[in-house]
Amino acid sequence: LPICPNGSINCQVSLEELFDRAVKLSHYIHSLSSDIFNEFDERYAQGRGFIAKAVNGCHTSSLTTPEDKEQAQQIHHEDLLNLVLGVLRSWNDPLVHLASEVQSIKEAPETILWKAVEIEEQNKRLLEGMEKIVGRLHSGEVGNEIYSPWEGLPSLQLPDEDSRLFAFYNLLHCLRRDSHKIDNYLKLLKCRLIHDNNC
Amino acid sequence: SPPEKPTIIKCRSPEKETFTCWWKPGSNGGHPTNHTLLYSKEGEEKVYECPDYKTAGPNSCYFDKKHTSFWTIYNITVRATNEIGSNVSDPHYVDVTYIVQPDPPVNITLELKKSVNRKPYLVLTWSPPPLADVRSGWLTLEYELRLKPEEGEEWETIFVGQQTQCKMFSLNPGKRYIVQIHCKPDHHGSWSEWSPEMYIQIPTDFRVKD
Amino acid sequence: SPPEKPTIIKCRSPEKETFTCWWKPGSNGGHPTNHTLLYSKEGEEKVYECPDYKTAGPNSCYFDKKHTSFWTIYNITVRATNEIGSNVSDPHYVDVTYIVQPDPPVNITLELKKSVNRKPYLVLTWSPPPLADVRSGWLTLEYELRLKPEEGEEWETIFVGQQTQCKMFSLNPGKRYIVQIHCKPDHHGSWSEWSPEMYIQIPTDFRVKD
């Protein structure tokens, strides 16, 4: 595929390519998020009953996101794209702190440390891509209104180890969940907008 | 005596749209016992009863699309009751996202072909299980195939990602191979059963040229 | 005279995270000449200068992670300037996804084995290049191997998809083979260099029993 044959004016990455890269990145971010959750769960959460406490503890639970195929297919693509943008933005701040605070966990394995940093970087990269996609699809200004603040930093620094570990567990549980939503919604949007629901 | 507490043994979603849970009753304490499945959903106080005890057979509860939500934790218990008293199972926490086990792939074809420079190879093609809606992108499946010479011991397994076809070059001339394929959702859930065994005879001239 | 216009000869990303461009200066018109690499991104008026002329050696510009975006097309030019005047190269358009050329695979092993029914075969295994291995979910690689008898003319090339091992059955007894492997990203980008040549002597009793 020649890049910008004879220097044409509107030489840009196609919408299909943008979606391909966004889906590949969201898939990768979710794989990392699953791995880091599983590693943390195996190493620090066994037998502490964290799952029962982690119910309804995500800072993004205020964002109404589709919970089944029908809802996801009925929502207009602009609204779903804005939701994805909103969830991604809501994770910028916690991921910055996760990458730094995770260093303080006792004997945290190198793989957890590296993944926390990698997820933070790739999440920013995906946000850049999503803003580009939304900019391409929406004629108007990219809406900034969807955002859910995170106030969890103090709980990652609690002196009591059990409480602090639960705070990490809950954050990683929510990251796994939200990154899976983003990956799933982007795959849906790609099939809808690029492949006319015929993936 | 009151019935023993039942045990929830498995929950499964075949296509990431509905799911079913099964339980194993304990002893009925010598009295006719009935079972009630109750569940609550993350972020809600309300407790619901199983919407459908029939569709999936005895000791089961079937949740149709309307009753199935993703990325949310179901807290499920089963209560056994007889005239003496009742007993409740341990709670079973389920996020349907993680219990998807698809049916095996279908329409598997095996075909021996010769490439441009007359090099023979085997082409396998297959389709996703009918129940799975991969077209909309709601469910994305990955595939893995395994093959071995008929009398061989060791399976050779090949992960092929999301493709629905695969070319095999390095096969043993003159051998009869068994081939099977299975699939799994792209992130969470478990592998389907293997597809039924298929056989292919590799001709003796299936040789790599000098 | 002013310097001749330089030519941008290549841009390459080894792991879809950073990239480097190289240029070839034209004649310097008899005067000391320096070069400036300038770039703009699709849809933006702003022009930036090369962030790092050092890391990748002379006549090069290295774009680290912070300066590498793969959501956009870069429009790159190089300007040569001496005391008489300056000259600008033709624009070079770069989409990072298309210039990914990984390093060759590593840790290649060749092993002669005997199958259950005493039939010998060759097993090759290898690992992805270290730079790509770290982010295996981000950069998916496909492999192709080639082999030929030492004194043979023609290479036999076999595409093995994403596997990192391969069984070779039909090799000729008594021959000494040369084997190499290279890899490429599963979508866009180009094949790596071939791995260094490896040799394997096929024993004379390596007969394919009928």
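Every chain is numbered from 1 and lettered A, B, ... according to where its sequence line falls, protein lines coming before strand lines. Predicted, not measured: the structure shown is a model, and the values here were computed from it.
No other option in A/H30, A/H195, A/R192 has as many heavy-atom pairs under 4.5 Å with chain B as A/H30.
Here the straight-line distance linking atom CG of A/N184 with atom NZ of B/K16 works out to 3.5 Å at 0.5 Å rounding. Atom NZ of A/K69 sits about 11.0 Å away from atom OG1 of B/T18, to the nearest 0.5 Å. Between atom CH2 of residue B/W71 and atom CZ of residue A/R177 there is a gap of 10.0 Å, rounded to the nearest 0.5 Å. Atoms CG and NE2, from B/D95 and A/H173 in turn, are 7.5 Å apart once rounded to the nearest 0.5 Å.
You'll find the side chain of B/D133 reaches within 4.5 Å of the side chain of A/Q73, heavy atoms only. Counting heavy atoms from C-beta outward, A/C199 and B/V134 have side chains that stay 4.5 Å or more apart. A 4.5 Å side-chain heavy-atom check between B/H187 and A/S31 finds at least one atom pair inside the cut-off. Residues A/I51 and B/I73 form a side-chain contact, since some pair of their non-hydrogen atoms from C-beta on lies under 4.5 Å apart.
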Step by step, would you call A/H180 with B/T97 a side chain to side chain contact (heavy atoms under 4.5 Å, CB included)?
-> CA-CA 9 Å; A/H180 192 233; B/T97 312; 3.0 Å; yes
Would A/K187 and B/D186 satisfy salt bridge (Lys or Arg N to Asp or Glu O under 4.0 Å), going step by step from the backbone distance to the final call?
-> CA-CA 11 Å; A/K187 280 166 178 160; B/D186 61 347; 2.4 Å; yes
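When heavy atoms are compared at a cutoff of 4.5 Å, B/T140 approaches chain A solely by way of its side chain, counted from C-beta outward. Neither the backbone nor the side chain of A/Q71 comes within contact range of chain B; no heavy atom of the residue lies under 4.5 Å from a heavy atom of that chain. With a 4.5 angstrom heavy-atom cutoff, A/D183 touches chain B only via side-chain atoms. For a residue to count as touching a neighbouring chain, one of its non-hydrogen atoms must lie under 4.5 Å from one of that chain's; by this rule B/Y93 touches chain A with the side chain only. Contacts of B/E17 with chain A are made by side-chain atoms alone, with heavy-atom separations under 4.5 Å and no backbone atom involved.
The environment of CD in B/E44 is crowded: more than 12 heavy-atom neighbours from other residues, nucleotides or ligands sit within 6.0 Å. For B/Q162, the CD atom sits in a packed shell: over 12 heavy atoms of surrounding residues, nucleotides or ligands are nearer than 6.0 Å.
Across every non-hydrogen atom of A/D68 and B/F70, the tightest pair is CA-CD1, 4.0 Å. Taking each heavy atom of A/C191 and B/G137 in turn, the nearest pair found is SG-CA, 3.5 Å.
Taking the ring centre of B/Y98 as origin, the terminal cationic atom of A/R176 falls inside the region bounded by 6.0 Å and 45° from the ring axis.
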